[in-house]
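Take a look at the structure below.
This is a predicted model, so every value here is computed, not measured.
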Amino acid sequence: MLKSLEIKNYALIKDLSIDLHKGLNIITGETGAGKSILLGALGLIMGKRADLKVLFDPNTKCVVEARFDVSDVNLSDTADDVDVSDDDELIVRREIAPNGKSRAFVNDTPVTLDLLQDVTDQLIDLHQQFDTLALHKQAFQQQALDALADTQSKVAEFTTLYKRFLSLEKSLHEEINSAKQARQEADFISFQLKELTEARLQATEQEDLESNLEVLRNAEGIKAIMSKISRTLDEEDNSISDRVTGLMRELHAFTGINEGFQNLYNRLNSTIEEMRDIAAEASDIAENTEADDDQLNATQERLNLLYRLQKKHGVENNTELISLRDGFKAKLQQFEKSDETIVALEKEIDALQKDMVAKATEIREARKKAIPGFEKKINDLLVLLAMPNARLKVQMKELPGFVATGKDEIQFLFATNKGSDYLPLKDVASGGEMARLTLCLKSVIAAKMELPTMIFDEIDTGVSGEVASRMGQIMSVMAQSHQLISITHSPQIAAKAQHHYYVYKSDAADRTTSSMKLLSDEDRLMEIAKMLSGEKPGKAAIENAKELITAQL
């Protein structure tokens, strides 16, 4: 419920603070006094774009602040983004600086305009003269029927499934496209994988082959030097090993003299053992080294293969080739998994579609069941509002595919006279008829709506007398469960007010300002009398006003 509205430096309003109440709040005033300005200020609270032209004083910022009682409102959609104070009061503020910068706050926390709209959309339903255009939209018509059919929660559940369905379909299409592309790549990748696999790559193979190649190219020289080392160190007569052995025999006679001689003897012994090991190893190398042209060619061919593969794939060594081979293998495995993923997605989509069909059928049956009662309630109210021959018909067609709200297309058709064809609302109803139809619809679905505050701006356009009085009665009933604020020119509707506010202008020396006040019982009587007869109402007008006020008590 809107508890209060404070406006500073907006249009013709310099500073206005007004408290609002439960039930039916009526706002009247002379033409041009500023009633529409109040709606403009509320529009800022509801997240509409700001305009520097609205500043009363172009050098001072504009501030519009609304206080809401949200104790009976479920703000679950935005609960994570706004902080509701302990006393269940929500304060929404909008500021427009002279430089054009606009800021919005909820409970003193800065918020975006999108979030501001999300919050206030749950608090206020604003109907202005041209908002009947919303009635033309099938989305609104479907929501109205669902409100009466009590299918909002079912539709919300279906919408969740529908979003999941769209997401899965998108994934399936992407997977199918990927699989199609994969099939085009698979043969090429398989060929490359086969080539790399048949190469039997080993990480350190290249280095070993390059070393062996050099040995084979220099086999004769290596064999010669190794044989020479072996002979010189140990094999031939008077080899180095023999001469060192002789020296050791001579030194052995003196090893007992001191430790130094013994150490020197031991070192010579170690040297001769090392030389004999070197000689033996050199002999083995000489024995096993042969100039083998076949082996030389095979080694060169193997290296050429590795070099060609590395150049082909733009890598520098076998390790990178192995990594590339393993990547090709993983990619082919992924291609195979893609088919499995497609099958799994198709199964999930199929199961989801069955669930969606069941829920859509359930929603359709509930809608179908609600339509006759919905039509009767609307048509009865139209009779009450002096449209005895007008008829609303709800047309529901089953769609071939899903939409976010089920599988139904809802359209309101309207006939204004006997024998008239039922046509879409936009093609048949006049402004006054649309205003009355809107009131009928909102009164029927009001009990199903969570909006605590409903605002009507001259919904009585084009009606007067008894019809206006009946509109006022309908609004009085609506106000029993909702705070209802109505701007009106109709004395019959004004007479139904539980709280009557008057908007007026004041002319100062330099400019005109607008203000607003809550009328006392006596002032209210005079205001309604003026609305009936003119600025200076006579006795008859005052008595008539009394009758209007008394009639609604």
Nearest 0.5 angstrom please: [X] [atom1] to [Y] [atom2], how far?
X    : Y    : atom1 : atom2 : answer
K163 : T159 : NZ    : OG1   : 7.0 Å
H21  : L2   : NE2   : CG    : 11.0 Å
L413 : L425 : CG    : CG    : 7.5 Å
I549 : L525 : CD1   : CG    : 5.0 Å

Keeping to residues at least two apart or across chains, list the ring-ring contact (aromatic ring centres under 6.0 Å, His included) pairs with something in residues 342-365.
-> none

Can a donor-acceptor pair be found, under 3.5 Å and without considering hydrogens, that links the side chain of [X] to the backbone of [Y]?
X    : Y    : result
D427 : L423 : no
D69  : M1   : no
R436 : L385 : yes
R524 : A495 : yes
T160 : A156 : yes
S420 : T416 : no
N107 : T109 : no
R94  : K48  : yes

So which heavy atom on [X] is nearest to which on [Y], and how close?
X    : Y    : value
S490 : A468 : OG-CB, 3.3 Å
L55  : A97  : CD1-O, 4.3 Å
K496 : L24  : O-CD2, 3.3 Å
A497 : I26  : CB-CG1, 3.2 Å
Y501 : L20  : OH-CA, 3.4 Å
I37  : Y10  : O-CE2, 3.3 Å

Go through the steps to decide whether S520 and E522 satisfy the test side chain to side chain donor-acceptor pair (under 3.5 Å), and finish with yes or no.
-> CA-CA 5 Å; S520 65; E522 184 177 347; 5.7 Å; no

Do L518 and H499 pass the side chain to side chain contact (heavy atoms under 4.5 Å, CB included) test, and can you show the C-alpha distance, the side-chain angles, and the key distance before you say yes or no?
-> CA-CA 7 Å; L518 177 63; H499 307 279; 4.1 Å; yes

Quick one: ring pair (Phe, Tyr, Trp, His ring centres under 6.0 Å) partners of H489, sequence neighbours excluded?
->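 Applying ring pair (Phe, Tyr, Trp, His ring centres under 6.0 Å) to H489 gives none.
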
Answer yes or no: is there a side-chain heavy-atom contact under 4.5 Å between [X] and [Y]?
X    : Y    : value
M526 : I542 : yes
S515 : Y504 : yes
L172 : I342 : yes

Would you say the side-chain atoms of [X] and [Y] include a donor-acceptor pair closer than 3.5 Å?
X    : Y    : answer
T488 : E458 : no
N9   : T60  : no
Q483 : T453 : yes

Salt bridge (charged side-chain N to carboxylate O under 4.0 Å, His left out) partners of [X], counting only residues at least two apart:
X    : value
K530 : E535
K354 : D350
K22  : none

Assess R511 against F56: is NZ or CZ under 6.0 Å from the centre of the six-membered ring, and within 45 degrees of the ring's axis?
-> yes

Give a yes or no on whether the ring-centroid distance for F140 and F412 is below 6.0 angstrom.
->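 No; F412 has its ring centre 6.0 Å or more from that of F140.
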
Please determine which of L148, I410, L145 meets the side-chain contact (heavy atoms from CB on, under 4.5 Å) test together with I371.
-> L145

List the steps, then state whether side chain to side chain donor-acceptor pair (under 3.5 Å) holds for D118 with Q122.
-> CA-CA 7 Å; D118 289 342; Q122 299 176 70; over 6 Å; no

Less than 3.5 Å apart, which donor and acceptor atoms pair up between the side chains of residues 390-405 and the rest of the protein, not counting sequence neighbours?
residue	atom	partner	partner atom	Å
R391	NH1	P388	O	3.0
E398	OE2	R364	NH2	3.4

Would D146 and T151 satisfy side chain to side chain donor-acceptor pair (under 3.5 Å), going step by step from the backbone distance to the final call?
-> CA-CA 5 Å; D146 283 334; T151 51; 2.7 Å; yes

Intermediate values then yes/no, side chain to side chain donor-acceptor pair (under 3.5 Å), D19 and S4 | CA-CA 4 Å; D19 293 326; S4 66; 4.5 Å; no

